[in-house]
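Below is one structure, written out as structure tokens; the observations come after it.
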Amino acid sequence: VATDGEIPQSVKVLEISEGGLQVLAASPLMGREFTASEARDGVAPPPVAVISYLFWRSHFASDPNVLGKVLDLNQHKYTVIGVEGPRFTWHDSEVYLPIPAGMDSKKRFETLVRLRPGISTAAAAGELTGIAEQIRHAEPQLLPKDGYTIKVDTLNDWLLGQFKGTLLVLFAAVALLLLIGCGNVSILMLARGTARLQELATRLAIGASRMRIVRQLLTEAVIVAVTGGALGMALAYAAIHFIVGLLPEYSIPHEVVIHLNVPVLLFSTAVSVLIGILAGLSPALQFSNPHISQMVQSSGTRSTTSHGARTRSVLIMAQIALTVLMLAGAGAAMRNFVQAYTSRLGFDTHNILILDLAFPEKSFTTWQGGVTYSDGLLEAIKATPGVLSVASSITGTPPNGRWLQPVEVVGSGMDKGLRSNVAMISADYFSVLRIPVLEGRCPTREEVNRGAHFACVSKAFVDRYFAGANPIGRMILPNRLSELPSDLIKDPNLKAPFQIIGVVGDVRNDGLHRPILPEVYLPSTAIVAPGAAILVRTSGNPASLVHAINVNLRAFNQNQAVYRASSFDEFFSMFVWSHERFIAALFGVFSFVALGLAAIGISSVVAYSVEQRTREFGIRMALGAPQWNVLLLTVASTARTTGVGVVLGILLSVGLSNSVQKWTESSMRDASVLSIISIVFLFASGMACIWPARRATRVDPMIALRDN
């Protein structure tokens, strides 16, 4: 906590060893980094600090003379010796302090290893396994008794985690969109080339070589592709901030700067040229055929036979199949997001402020001192005008607060395999979140503060483990409590069982898409943690009370600050359904573009078919064919192609569903989603056919018969 301002400012501090910043290849903007002399074994490190660029701007107002200035943290003074570069935000830390060289080996800390060139992660894992075995023999209590596996990940894999798969799926979606665009361009070029048969035959007849014709057609295709690529890059430049704004918080490191740069522009240019060549290659080879003049003579200017019809049909079917696949992905993602957004949580998130607090060092040293401090802090917040009630949790907030562990029901023969989520909460937790109490009662404030071993369980816990029997009065014991780190201050009677005194309603406690887990609620005083999540129910806008709460906390303890404050609704938007929203939004945009491209392709094929069959339609109209018959003939072949493409797309969606679901948690096998996207596509394709098909019904028979 920075205590040199009007209100204590929570500062994220990271202790790092000498050389740690160099391992991360961090280059200071000003000053220097830690040296070996500042981390000597057995000697406390000097009070020096390296600060981040953002902290330099916010706390020191970008003072160019910041080196040598004093930073007050928890009433300790540190001299600033360096400022990191703008893009260095390791762990989003704001201040870096030297860590003592002689650390307690029983404490958990993060180790960074830079591998030599050519060393694989598997080889590194093998080396570390040998080191771990040496540690196991020397300090057996430091490693799990039931075995362990050492896995070495690259820094990128570790930082991106699950989101890496999401990016791969989105990359695949972009590739699909690219293929759809290529197919569309090829279809249009085939149609345009067929319309230019006489021109190309004339060029060949007067001596143009086949290679010259190929070069001409490819050049035209490349010009179209590059022009489209330039427009696409302009659109990407305008949309880049929208896309970055949709990214889920902490899905990628904050060091990452996403913008259009020279490599991206060069790659896009190369792709545009390649697309032009690939899209124009088949039409160019087909229409540079030396026997094209014979084809023109045999077919006439407007014949009933369309050269290249088979190729166009194949391209249209492929384009439709890929578009349906894209629509299925978008439909599944949107359904997933809607399910998350409308999920029944089991508690009320409105008008609740979440405060993440870390208690200042030496605020308490005993269990009773910690209980008194936590209770006094809640009362200080509750005294703020506009605050209705306050509660705390040291195990996180739903739906993400998850601590699954074995739970023993004392005197029961069903203990083996019994597992439950465990939450550690204060007395008013259920009233703040408005979780209904179904049976019994909740522990009171006095009972929590004196460490009474009372517990509440969820309805899911009762349904699964008591099969309708009354659980009130039964004794339970979460087994992992005795395995907590020794540096935590624990209730002296922590190993004693807890008596169930109440049953409460179920809440989402394992995400929004997985089933609700059985849950046990224990008093937060069972363990005195170094921080907590504070839930504040307010009478109005929660954000408007942050300053007043900070003032009251300063009066309670001048070193107590709020690390992060957000409303519960903001918390959900940032951390709970932001991943689903990101996927749904991008897939929705991609599928809309794909649908538009497919509609343009179908419309162009129907328009070309009408143009080529003008004479036929004129004869039919002259012989008395009704307009609906001509209209049906116009769209019949396209309808067959469309139907086959939709079926292929559905089969692709079902076949690839498992791969997509692995990374996006959305299934493309849902019958309702596939039905809806099929109807949407068929409607769009029907609308794309109507306008060019109506031209066939307006053909004047006399003009059509004279047109040879």
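What you see is a predicted model; the values in this text were computed from it and never measured.
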(request) Please report the C-alpha distance between Arg419 and Val407 in whole Å, then the side-chain angles of each, then the deciding distance to 0.1 Å, and finally whether the side chain to side chain contact (heavy atoms under 4.5 Å, CB included) criterion is met. (result) CA-CA 6 Å; Arg419 296 175 66 82; Val407 176; over 6 Å; no

(request) Kindly write out the residues that satisfy side-chain hydrogen bond (donor to acceptor under 3.5 Å, both in side chains) with His513, not counting sequence neighbours, or none if the list is empty. (result) Asn336, Glu580

(message) Looking at Asn509 and Leu517, would you say the former's side chain and the latter's main chain have a donor-acceptor pair under 3.5 Å?
(response) yes

(request) Check the angle between the aromatic planes of Phe571 and Phe568 and answer parallel, tilted or perpendicular using the 30° and 60° thresholds. (result) perpendicular

(message) Keeping Ser93 on the side-chain end and Val13 on the backbone end, is there a donor-acceptor pair under 3.5 Å?
(response) no

(message) For a quick test of reading the model, state the closest non-hydrogen atom pair linking Pro399 to Val576 and the distance between them.
(response) CG-CG1, 3.9 Å

(message) So, using side chain to side chain contact (heavy atoms under 4.5 Å, CB included) as the criterion, who are the partners of Ala124 when residues are at least two apart?
(response) Leu115, Val152

(request) Enter the distance from Ile489:CD1 to Leu494:CG here, rounded to the nearest 0.5 Å. (result) 13.0 Å

(message) I need the Phe454 CZ to Leu522 CG distance, nearest 0.5 Å.
(response) 13.0 Å

(request) Give the minimum heavy-atom separation between Ser393 and Tyr429, together with the two atoms involved. (result) CB-CE1, 4.1 Å

(message) If you count every heavy atom of other residues, nucleotides or ligands that lies below 6.0 Å from Phe575 atom CZ, does the total exceed 12?
(response) yes

(request) With sequence neighbours excluded, give me every ring pair (Phe, Tyr, Trp, His ring centres under 6.0 Å) pair touching residues 117-137. (result) none

(message) Holding to side-chain hydrogen bond (donor to acceptor under 3.5 Å, both in side chains), I want the full list of residues that pass it with Thr89, two or more places apart in sequence or in another chain.
(response) Glu255

(message) Could you tell me if the side chain of Lys490 sits less than 4.5 Å from the side chain of Val528, heavy atoms only?
(response) no

(request) Taking all heavy atoms of Ser524 and all of Ser392, pick out the closest pair and write down the distance. (result) OG-OG, 4.2 Å

(message) Filter on salt bridge (Lys or Arg N to Asp or Glu O under 4.0 Å), then keep only pairs touching residues 83-93, sequence neighbours left out; what's left?
(response) none

(request) Determine whether Arg335 and Asp670 make a side-chain contact, defined as any pair of heavy atoms from C-beta on separated by less than 4.5 Å. (result) yes

(request) Using atom types as modelled and distance alone, determine if a side-chain donor or acceptor of Trp90 lies under 3.5 Å from a backbone N or O of Leu14. (result) no

(message) Nearest 0.5 Å, please: how far is NE2 in His91 from OH in Tyr96?
(response) 9.0 Å

(request) Would you confirm whether His453, through its side chain, and Met475, through its main-chain N or O, come within 3.5 Å as a donor-acceptor pair? (result) no

(request) Tell me, please, which residues at least two apart from Ser120 pass side chain to side chain contact (heavy atoms under 4.5 Å, CB included). (result) Ala122, Ala123

(request) Could you tell me which residues satisfy side-chain hydrogen bond (donor to acceptor under 3.5 Å, both in side chains) with Arg564, sequence neighbours excluded, listed by chain and number? (result) Asp356

(request) Quick one: pull up CG in Leu433 and OG1 in Thr349 and give me the separation to the nearest 0.5 Å. (result) 9.5 Å

(message) Taking side-chain hydrogen bond (donor to acceptor under 3.5 Å, both in side chains) as the cut-off, I'd like each qualifying pair that reaches into residues 122-135, sequence neighbours left out, listed once.
(response) Glu133-Arg136, Glu133-Tyr148

(request) Taking salt bridge (Lys or Arg N to Asp or Glu O under 4.0 Å) as the test, write out the residues that go with Asp510, two or more places apart. (result) Arg402, Arg514

(request) Assess whether side chain to side chain contact (heavy atoms under 4.5 Å, CB included) is satisfied between Tyr521 and Val457, documenting all intermediate values. (result) CA-CA 6 Å; Tyr521 296 93; Val457 295; over 6 Å; no

(message) Is it the case that the side chain of Ser458 and the backbone of Glu519 share a donor-acceptor pair, with hydrogens and angles ignored and the cut-off at 3.5 Å?
(response) yes

(message) Apply side chain to side chain contact (heavy atoms under 4.5 Å, CB included) to residues Val50 and Ile81 and explain how you reach the verdict.
(response) CA-CA 6 Å; Val50 175; Ile81 62 170; 3.9 Å; yes

(request) Side-chain contact test, heavy atoms from C-beta onward, threshold under 4.5 Å: evaluate it for Trp367 versus Asp491 and give yes or no. (result) yes

(request) Could you tell me whether a side-chain N or O of Asn559 sits under 3.5 Å from a main-chain N or O of Pro360, the two making a donor and an acceptor? (result) no

(request) Check whether the side chains of Gln560 and Tyr373 place a donor and an acceptor atom closer than 3.5 Å, and report yes or no. (result) yes

(message) Quick check: closest heavy atoms across Pro471 and Val462, and the distance to 0.1 Å?
(response) CG-CG2, 3.7 Å

(message) One pair to check against side chain to side chain contact (heavy atoms under 4.5 Å, CB included): Val410 and Ile476. What are the steps and the verdict?
(response) CA-CA 6 Å; Val410 179; Ile476 58 174; over 6 Å; no

(request) Indicate yes or no for a side-chain donor-acceptor contact from Ser363 to the backbone of Phe359 under 3.5 Å, with no hydrogens or angles considered. (result) no

(message) Strictly distance-based, threshold 3.5 Å: is any side-chain N or O of Thr395 a donor or acceptor partner for the main-chain N or O of Met424?
(response) yes

(request) May I ask you to decide if Ser653's main-chain N or O and Ser657's side chain share a donor-acceptor pair within less than 3.5 Å? (result) no

(request) Could you pull out the closest heavy-atom pair between Leu170 and Phe582, with the gap in Å? (result) CD1-CE2, 3.2 Å

(request) Taking all heavy atoms of Pro523 and all of Val448, pick out the closest pair and write down the distance. (result) CB-CG1, 4.2 Å

(request) Under the salt bridge (Lys or Arg N to Asp or Glu O under 4.0 Å) rule, collect the residues that match up with Lys12, sequence neighbours excluded. (result) none

(request) Can you sort out the partners of Asp463 under side-chain hydrogen bond (donor to acceptor under 3.5 Å, both in side chains), two or more places apart, ordered by chain and number? (result) Lys459

(message) Arg581: which residues meet the salt bridge (Lys or Arg N to Asp or Glu O under 4.0 Å) condition with it, sequence neighbours left out?
(response) none

(request) Please answer whether the main-chain N or O of Trp403 pairs with a side-chain N or O of Asn421 as donor and acceptor at a distance below 3.5 Å. (result) yes

(message) Working to the nearest 0.5 angstrom, can you tell me the gap between Leu54 CG and His59 NE2?
(response) 14.0 Å

(request) Kindly compute the distance separating CD1 (Ile51) from CG (Leu97), expressed to the nearest 0.5 Å. (result) 11.5 Å

(request) Determine whether Val83 and Val66 make a side-chain contact, defined as any pair of heavy atoms from C-beta on separated by less than 4.5 Å. (result) yes

